[in-house]
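To find a chain, count down the sequence lines: A is the first, B the second, and so on, and within it residues start at 1.
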Number of protein chains: 2
Amino acid sequence: MISKKTKYTIHALVHLAKHKDSGPIQIKTIAETENIPKKFLEAILIDLRNKGYVASQKGRNGGYYINRDLKEMNFADIIRMFDGPIGMLPCVTYLYYEPCEECEDEETCAVRKIFKDVRDESVKILKAANLAEVIKTEKSLSRKKKK
Amino acid sequence: MISKKTKYTIHALVHLAKHKDSGPIQIKTIAETENIPKKFLEAILIDLRNKGYVASQKGRNGGYYINRDLKEMNFADIIRMFDGPIGMLPCVTYLYYEPCEECEDEETCAVRKIFKDVRDESVKILKAANLAEVIKTEKSLSRKKKK
DNA sequence: ATTTTGCCTATTGATTCGATAGGATAAATT
DNA sequence: AATTTATCCTATCGAATCAATAGGCAAAAT
């Protein structure tokens with residue numbers, strides 16, 4: 001399971017992406033429409049701002065807006081930001097790699113091989129899920145439903 | 001990341017599977033060859049026994065042995081046993097399903113769609129990884145390396 | 001000047017994780 | 001029968017992580 005923090009982050013970013021051209025959007029607005037605890041969301045957005053993913057405007061009529069090309073923000077990177085590695089074992093992660101004490105030889109460890117396969121497939125899907133794609137998908141799912 | 005408990009469980013079961021025909025195997029042996037804290041492994045094995053996955057023999061020359069067809073024990077079920085759902089969101093799990101407060105309509109929620117894809121792919125790989133297959137894979141990896 | 005909104009620090013309670021202690025019980029060996 | 005060698009069971013521990021909130025400071029618009 002991903003943490004609630006990450007789940008909130010994803011929904012908040014998708015929200016900002018959807019309303020990219022409406023000027024700064026307030027914490028309160030996002031919190032209410034996405035059902036996220038306001039104070040918690042606040043902490044998340046400040047963090048995203050410090051990392052450069054979003055920018056903010058202070059004072060009246062202030063709020064947040066996305067600071068990058070939507071194609072450059074994907075679910076794999078967002079998950080890694082707060083929850084760490086996507087791989088299920090330390091020995092199959094890229095950025096957080098650590099050898100396992102359990103196996104003597106990584107090359108011949110079948111356990112590792114399986115979790116590596118899972119990781120590679122997961123990362124592939126999550127990398128493809130950038131904000132631009134997600135919005136497209138959402139539109140296409142809505143169209144499908146109407147019919 | 002899966003918990004250490006689950007990781008230990010997998011390695012212990014693979015160990016038992018490999019030595020299926022050597023009679024009961026002691027905790028101490030498994031703990032030492034697989035580098036698992038003995039007392040921790042003890043708790044795990046008792047649990048596996050109560051769940052019917054392994055059987056035990058008390059007293060001198062006692063130990064544990066696998067109680068099922070190796071094909072019936074796969075990584076998906078083992079992970080679920082201690083770590084719960086494999087899906088990354090409550091709304092994409094099967095046994096632990098819960099609706100998300102964030103999205104109004106599951107059918108058109110793109111976030112859900114992506115995590116559903118990840119889950120389905122992961123479960124597919126992890127289901128295929130039953131103990132019989134894992135042992136086969138390990139042998140084939142060893143053969144490959146020698147060449 | 002006042003209101004509105006983001007920014008920052010600190011804290012809290014709950015839960016989970018990983019591991020160990022200490023002894024009871026059962027079976028085989030002597 | 002006594003001893004040894006295992007598993008079985010209960011209980012507990014500290015550390016870490018999670019989710020959320022409190023309370024006030026700083027900046028910008030009206």
Among B:I10, B:I36, B:T33, which one satisfies side-chain contact (heavy atoms from CB on, under 4.5 Å) with B:H15? B:T33
I need the OH-C1' distance between A:Y65 and C:dT5, as an integer number of Å. 14 Å
Near DNA chain D, counting only heavy atoms under 4.0 Å, which residues of residues 23-34 of chain B show up? B:Q26, B:I27
Considering all heavy atoms of both residues, which atom of A:R68 and which atom of A:K20 are nearest to each other, and what is their separation? O-NZ, 4.0 Å
Whole Å only: how far is the OH atom of A:Y64 from the P atom of C:dG6? 6 Å
Does the side chain of B:T6 come under 3.5 Å of the side chain of B:S3 through a donor N or O and an acceptor N or O? yes
CZ of B:R49 versus C1' of C:dT25: gap in Å, rounded? 12 Å
Taking only Lys NZ, Arg NE, NH1 and NH2, and the carboxylate oxygens of Asp or Glu, determine whether A:K38 and A:E32 approach each other closer than 4.0 Å. no
Looking at B:Q57, I'd like to know whether one of its side-chain N or O atoms comes within less than 4.0 Å of OP1 or OP2 on C:dA28. yes
Taking atom C1' of C:dA19 as reference, at what distance in whole Å does atom NZ of B:K4 sit? 10 Å
Check whether any side-chain heavy atom of A:M73 sits under 4.5 Å from a side-chain heavy atom of A:I66, and report yes or no. yes
Measure NZ/B:K7 against P/C:dG18 and give the value in whole Å, please. 10 Å
Please confirm whether the shortest side-chain N or O distance from B:Y8 to OP1 or OP2 of C:dG18 is below 4.0 Å. no
How close or far is atom C1' of C:dG18 from atom CE of B:M1, stated in whole angstroms? 16 Å
Of all nucleotides in DNA chain D with an atom under 4.0 Å from a non-hydrogen atom of chain B, which is the first and which the last going 5' to 3'? D:dT4 to D:dC9
Looking only at heavy atoms, which two atoms of A:E138 and B:V111 are closest? And how far apart? OE1-N, 4.5 Å
What nucleotide among C:dA28, C:dC7, C:dA19 has an atom nearest to a side-chain atom of A:I46? C:dC7
Side chain of A:R60 only, heavy atoms from C-beta on: which candidate in C:dT4, C:dT29, C:dA19 is closest? C:dT4
Nearest whole Å is fine: how far is C:dT5 P from A:L45 CG? 15 Å
Should B:F115 and A:I125 count as side-chain neighbours, where that means a heavy-atom distance under 4.5 Å? no
When you look at B:N50 and B:D47, which way does the side-chain hydrogen bond (donor to acceptor under 3.5 Å, both in side chains) test go after all the steps? CA-CA 5 Å; B:N50 291 335; B:D47 209 341; 5.3 Å; no
Please figure out whether B:S56 or A:E42 has its closest DNA chain D nucleotide nearer the 5' end. B:S56
Does B:K39 get its side chain close enough to the base of C:dG22, under 3.5 Å, for a donor-acceptor pair? yes
Which residue, B:F82 or B:K38, contacts DNA chain C at a nucleotide closer to its 5' end, judged by nearest heavy atom? B:F82
Check the hydrophobic clustering (I, L, V, M, F, W, Y; side-chain heavy atoms under 4.5 Å; chains of links allowed) and say if B:I86 and B:M88 are grouped together. no
Determine, for A:K116 against A:D120, whether the closest basic-nitrogen to carboxylate-oxygen distance falls under 4.0 angstrom. yes
For B:G63 and for A:I2, find the nucleotide of DNA chain D with the closest heavy atom, then tell me which residue's nucleotide is more 5'. B:G63
Can you check the B:N35 CG to C:dG18 C1' distance for me, whole Å? 16 Å
